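Keep in mind it's a predicted model, so treat the numbers as computed, not measured.
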Amino acid sequence: MNLFSLSATFPRALAALTLACAALAPAARAVTPAEQLAGYTAQAGAPASPARGQQLFTNKHGGEWSCSSCHGAVPIQAGKHASTGKTIGAMAPAFNPERFTDPAKTEKWFRRNCKDVLSRECTAGEKADVLSWLMTLKP
Amino acid sequence: MPYPLHTRIGRLALALLAASGFALPALPVLADGNGRMVPLTPKYKEECSACHVAYPPSLMPAASWNRIMNNLPNHFGTDASLDPATVKELSGWINAHAGTYKRVREEPPQDRITRTAWFIHKHDEVSAATWKRASIKSASNCIACHTTADKGDFNEDNVRIPR
């Protein structure tokens, strides 16, 4: 191995190590909504559509509930659980900085709530659409 | 011998602890029926009070709670599924603190706290119209009237029935 290839290998090894560390970091690693949107968009392999996201969020999809049933039609303020009445904080990140900062939590609630509303899990594309719409809501 | 020895010793230790007053800073509550108010763990609060108030495990027997914990994807009409590790952790804690007091030993219909004989008896002065108020909505909405229910405190002194 000559000196040139060693110097070229080192940064790559460092990058790989950094990635490995990130993967091993605690599940509660904080991220930004934009990073999560980028993740879902990459998984979907297509750009997100805020308009489609709003449609998904407010439509009942033939069932009893829409996302809006608990979160409100435009979730920039606290919502109310449709059956228990418990207060639910605003969903739009600009109005609630905790939102979409914990990937495990985001996945947990998409899984549960998509099953409640659509009777199935949402696709990465659908999650990207919803999140992109929520991110357009600004004070 | 009704219970294995270690269980009996454990119960004796708990009884002594309770009798000593150590676990009773305020003795407010229906608590776990044994006179102790069990502090809710942060994990229990986080996972079990996202959609409703964190019901103290002491309000139903372990058999009822175990059916609930084994069927979280179909949780009273909604999907409350959790990852297996979290289910195991919470179930362990719930089992350790589930109701054993004689009135709570009964498994209520549909594993609903609101269907237990003691719940119905305790609330028999609340009219049907009161339960239906928009500010209350459901008998499961403890905190509508029990203003400190989120802390596991159901002391009658803290009851305020909203209009």
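Side-chain atoms of B/Asp83 and B/Thr86 include a donor-acceptor pair closer than 3.5 Å.
Panel note: side chain B/Tyr44, backbone B/Tyr55; a donor-acceptor pair is recorded below 3.5 Å. Using a distance-only test at 3.5 Å, with no hydrogens or angles considered, a donor-acceptor pair links the side chain of B/Asn70 to the main chain of B/Asn66. A donor-acceptor pair is defined here as one N or O able to donate and one able to accept, closer than 3.5 Å; no such pair exists between the side chain of B/Asn158 and the backbone of B/Thr147.
Only one option out of A/Lys138, A/Gln36, A/Met135, A/Glu98 pairs with A/Pro93 in a side chain to side chain contact (heavy atoms under 4.5 Å, CB included); it is A/Met135.
Options B/Thr78, B/Leu72, B/Asn141, B/Val53 differ in how many heavy-atom pairs under 4.5 Å they form with chain A, and the most are formed by B/Thr78. The greatest number of non-hydrogen atom pairs below 4.5 Å with chain A, out of B/Ser140, B/Gly77, B/Ser135, B/Ala80, is found for B/Ala80. The residue among A/Arg112, A/Lys115, A/Lys86 with the most heavy atom pairs within less than 4.5 Å of chain B is A/Arg112.
When heavy atoms are compared at a cutoff of 4.5 Å, B/Ile136 does not approach chain A at all. Residue B/Ala144 does not touch chain A at all, counting heavy-atom pairs closer than 4.5 Å.
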